[in-house]
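Keep in mind that the numbers below use all heavy atoms, side chains included, and drop hydrogens, waters and symmetry copies. Positions are given from 1, in the same order as the sequence printed here. Keep in mind that this is a model prediction, so the values were computed, not measured.
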Amino acid sequence: MLSKVHHVGIVVRSAHDALGFYRDALGLPVSVDRVIEDQGVRGVLLPCGTAEIELLEPTRDDTGVARFLQGRGEGMHHVCFESDDCGADLGAAAEAGVQLIDEAPRAGLAGMIGFLHPKSNHGVLIEYATPVEESHVGPSDDALAKRIDHIGIVVQDIPTAAATYERHFGFTLDPDLGGQNDALGIENAFMLAGNAHLEFIRPTTEEGPVAKFAAERGEGSFLLSLAVADAEAAVASLRDGGARTGDANGGVAFVSPRSSFGVNLQLVERS
């Protein structure tokens with residue numbers, strides 16, 4: 001059974017450099033940092049509330065992570081849901097007709113893991129993870145980023161995408177959130193995935209970042225939103241550290257992908 005977002009995976013050229021932003025600027029502690037030889041990656045997990053951010057640096061050129069970096073550059077790579085039995089959930093996905101990358105669990109940074117093909121989930125690479133029992137660094141109360149607020153996914157049709165995710169993962173739409181936003185040229189809907197929302201976004205105009213993403217890449221992971229206590233203070237702190245950010249507007253600010261290692265990163269003020 002799936003319970004929540006376990007982590008969001010981000011591919012970077014250098015985990016050392018990326019830690020300068022995610023650890024040092026955002027204040028997220030490191031819970032795991034090791035090279036997984038058989039996968040050809042260095043993986044770093046940083047707790048953010050009840051979820052984590054995972055940095056993935058390829059250590060050789062013949063891996064999926066390396067090919068992702070070569071083809072798309074740095075940025076969001078996958079979304080991981082926590083499972084109490086990865087093998088059982090992979091089996092259930094296969095029975096439901098979901099295309100799998102891993103038919104059986106294997107050892108990974110987050111525990112026993114398995115991946116679902118993005119073609120089955122509107123362009124999003126989905127991972128299941130059953131954590132193993134081990135000592136683990138928890139989130140920091142002093143971190144600038146308090147938790148993952150939501151994950152934005154660009155889709156062609158919101159009802160179709162929502163039905164897919166409800167069928168595959170058991171999550172349901174939040175009826176109190178979403179709608180039409182003419183100023184941004186989008187419509188959206190939100191689905192609660194335990195500890196964070198998934199935001200389905202459809203462009204309603206041919207201009208703007210969402211429309212550009214849809215035209216260039218089709219469907220897929222678009223945005224990572226992190227909750228902060230004070231958006232203006234967060235912007236000031238990040239700028240002091242050399243990060244490029246927009247101004248806070250209505251409790252929302254955006255960090256330049258040049259500073260967030262290819263991620264379309266949003267900061268949203270939450271009490």
Is [X] reaching over with its side chain to a backbone N or O of [Y], donor-acceptor style, under 3.5 angstrom?
| X | Y | answer |
| --- | --- | --- |
| S83 | Y128 | no |
| E82 | S3 | no |
| S225 | I151 | no |
| T164 | T160 | yes |
| S221 | M76 | no |
| D102 | A104 | no |
| D182 | G185 | no |

Search all heavy atoms of [X] against all heavy atoms of [Y] and return the closest pair with its distance.
| X | Y | value |
| --- | --- | --- |
| G111 | V132 | CA-CG1, 4.0 Å |
| A15 | L55 | O-CD1, 4.5 Å |
| A18 | V12 | CB-CG1, 3.9 Å |
| L69 | P58 | CD2-CG, 3.8 Å |
| V228 | A145 | CG1-CA, 4.4 Å |
| L100 | A93 | CD2-CB, 4.0 Å |

Between atom [atom1] of [X] and atom [atom2] of [Y], what is the distance when rounded to the nearest 0.5 Å?
| X | Y | atom1 | atom2 | answer |
| --- | --- | --- | --- | --- |
| D230 | S271 | CG | OG | 12.0 Å |
| C80 | I126 | SG | CD1 | 9.0 Å |
| R23 | L28 | CZ | CG | 10.5 Å |
| I153 | I158 | CD1 | CD1 | 11.0 Å |
| L238 | L267 | CG | CG | 6.0 Å |
| Q99 | N121 | CD | CG | 10.0 Å |

Sequence-distant partners of [X], ring pair (Phe, Tyr, Trp, His ring centres under 6.0 Å), two or more places apart:
| X | value |
| --- | --- |
| H6 | none |
| F21 | none |
| H78 | H7, F115 |
| F261 | none |

Close side-chain approach of [X] and [Y], heavy atoms under 4.5 Å:
| X | Y | value |
| --- | --- | --- |
| D149 | L226 | no |
| V263 | Y22 | yes |
| P159 | D157 | yes |
| E127 | F81 | no |

Side-chain donor/acceptor pairs under 3.5 Å, residues 251-258, sequence neighbours excluded:
| unit_1 | atom_1 | unit_2 | atom_2 | d |
| --- | --- | --- | --- | --- |
| S256 | OG | R258 | N | 3.1 |

My understanding is that only residues two or more places apart in sequence, or in another chain, count here; which of them pass side-chain hydrogen bond (donor to acceptor under 3.5 Å, both in side chains) with [X]?
| X | value |
| --- | --- |
| R67 | none |
| D33 | R42 |
| Q39 | none |
| D84 | none |

If you count every heavy atom of other residues, nucleotides or ligands that lies below 6.0 Å from [X] atom [atom1], does the total exceed 12?
| X | atom1 | value |
| --- | --- | --- |
| R244 | CZ | no |
| Q70 | CD | yes |
| D24 | CG | yes |
| N249 | CG | no |
| Q180 | CD | yes |
| H117 | NE2 | yes |

Extract all donor-acceptor atom pairs below 3.5 Å that involve side chains of residues 209-220 and protein atoms in other chains or at least two apart in sequence.
| unit_1 | atom_1 | unit_2 | atom_2 | d |
| --- | --- | --- | --- | --- |
| E219 | OE1 | H122 | ND1 | 3.3 |
| E219 | OE2 | H122 | ND1 | 3.1 |
| E219 | OE2 | Q156 | N | 2.8 |

* To do: Please assess L173 against F190 for the test side-chain contact (heavy atoms from CB on, under 4.5 Å), listing each intermediate value before the final yes or no.
  => CA-CA 6 Å; L173 285 178; F190 289 81; over 6 Å; no
When hydrophobic residues are tied together by side-chain contacts of less than 4.5 Å, even through go-betweens, does [X] share a cluster with [Y]?
| X | Y | value |
| --- | --- | --- |
| F171 | V8 | yes |
| V44 | V35 | no |
| V268 | L223 | yes |
| V41 | L109 | yes |
| M191 | F169 | yes |

Side-chain atoms of residues 195-202: list all donor-acceptor pairs with protein atoms under 3.5 Å, sequence neighbours left out, distances to 0.1 Å.
| unit_1 | atom_1 | unit_2 | atom_2 | d |
| --- | --- | --- | --- | --- |
| N195 | OD1 | V5 | N | 2.9 |
| N195 | ND2 | V5 | O | 3.1 |
| N195 | ND2 | T50 | O | 3.4 |
| N195 | ND2 | T50 | OG1 | 3.0 |
| H197 | NE2 | D174 | OD2 | 3.3 |
| E199 | OE1 | H150 | NE2 | 3.4 |
| E199 | OE2 | N188 | ND2 | 2.8 |
| R202 | NE | E187 | OE2 | 2.5 |
| R202 | NH2 | E187 | OE2 | 2.9 |

* What residues, two or more places apart in sequence or in another chain, satisfy side-chain contact (heavy atoms from CB on, under 4.5 Å) together with P29? ->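 Expected list: P47, V137, S140.
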* Walk me through it: do E57 and R13 pass the test salt bridge (Lys or Arg N to Asp or Glu O under 4.0 Å)? => CA-CA 6 Å; E57 173 194 340; R13 290 186 177 87; over 6 Å; no
* To do: Just do the side-chain contact (heavy atoms from CB on, under 4.5 Å) check on L224 and Q266 with the steps written out, would you?
  => CA-CA 6 Å; L224 176 61; Q266 179 191 72; over 6 Å; no
* Asked: Run the side-chain contact (heavy atoms from CB on, under 4.5 Å) check on V32 and V30 step by step: do they pass?
  -> CA-CA 6 Å; V32 179; V30 172; 5.9 Å; no
* Asked: I10 pairs by side-chain contact (heavy atoms from CB on, under 4.5 Å) with which of L46, L265, I53, L56?
  ->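 Filter result, single survivor: I53.
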